[in-house]
Amino acid sequence: MKVSRVVDNCLWILNKKRKVLATKNLTPGKTVYGEPVLKVKNKEYRVWNPNRSKLGAAIHKGIKKIPINQGNIVLYLGSASGTTVSHVSDIVGSSGLVYCVEIAPRVMRDLVFLAEERKNLAPILESAALTKNYENLVVQADFIFQDIAQKDQARIFIKNKRFLKKGGYAMIAVKARSIDVTKKPQTVFDEVEKELRKHFKIIDKKRLEPFEKDHSLFLVKNE
Ligand code: SAM
């Protein structure tokens, strides 16, 4: 099996002539969303499905940088039940921490079960738009990831910049149809980019097709 490192605890694995992305399982023997596992040098890796994760899709599309490392503090906005969160949790490992902000109690319930197994997850049942309500619960993050299908998703992302360390990176997965169904997706992405540019340096952007229709992911830096 041929492997190449992507970032800490994350590999491309050539498996049966297919290149798959996978993260080193923080909780060996346990999977999260029915993903297959592979053994590399006696270590267990969980396959990261790009059709179930916009961050996984952006890596498949060749995003310039994946700014997450072992030991990092991550603020994840819109964590749902923890599909992508679980891979971020693998990458930061037991010395890192992922704050998971999620508004919906139903999915938060599953996330709390996941956090019982994965000790580096800190679930926060709150709206990411109401930063004041969790400002006392979080510390400055090395990386912020947002995946929230809301009309004001760019505004919410910018509001959370206050929790990003100077020099830190952030990503936002933008769903065009949540912002304006009447406009062409590219027009919506251009408008979001213009807004983001006022607050961050844009490092890269990727459309997420074929994994996600009418989605674009922006990688920005807090300079
Ligand atoms: N990122 C997840 C993943 O890859 O596993 C999927 C996220 S799903 C597309 C979007 C999530 O954002 C939903 O669970 C939704 O409840 C949540 N959400 C929507 N508005 C929110 C808000 N204002 N604050 C926090 N979470 C929100």
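Just follow the structure's listing: the first ligand is 1, and inside any ligand the first atom is 1.
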Checklist line | Min heavy-atom dist E126 to ligand 1 below 4.0 Å | finding: yes

Within the side chain of N120, is there an N or O that forms a donor-acceptor pair under 3.5 Å with the backbone of S89? yes

Donor-acceptor pair, side chain of K119 and main chain of S94, under 3.5 angstrom: no

A student checking ligand 1 against T84 at a 4.0 Å heavy-atom cut-off should list atoms 3 (C), 4 (O), 5 (O)

Min N/O separation D147 to ligand 1 under 3.5 Å
yes

Fill in: Residue-ligand contact L77/ligand 1, heavy atom below 4.0 Å
no

### Query
Got an N/O contact under 3.5 Å between K54 and ligand 1?
no

message = Polar contacts were defined as any N/O atom of the residue lying under 3.5 Å from an N/O atom of the ligand; does this apply to A128 and ligand 1?
response = yes

Report yes if the side chains of N15 and M1 come closer than 4.5 Å at any heavy-atom pair, otherwise no.
yes

In ligand 1, the atoms that come under 4.0 Å of a heavy atom of A80 are 6 (C), 7 (C), 14 (O)

Is it true that a side-chain atom of Y33 and a backbone atom of S86 form a donor plus acceptor pair closer than 3.5 Å? no

Contact (N/O only, under 3.5 Å) between G78 and ligand 1
yes

Inset, instruction - Run the contact test for F145 against ligand 1 with a 4.0 Å cut-off on heavy atoms, strictly below, and give the result. - result: no

The salt bridge (charged side-chain N to carboxylate O under 4.0 Å, His left out) partner of D90 among K24, R118, K43, K30 is R118

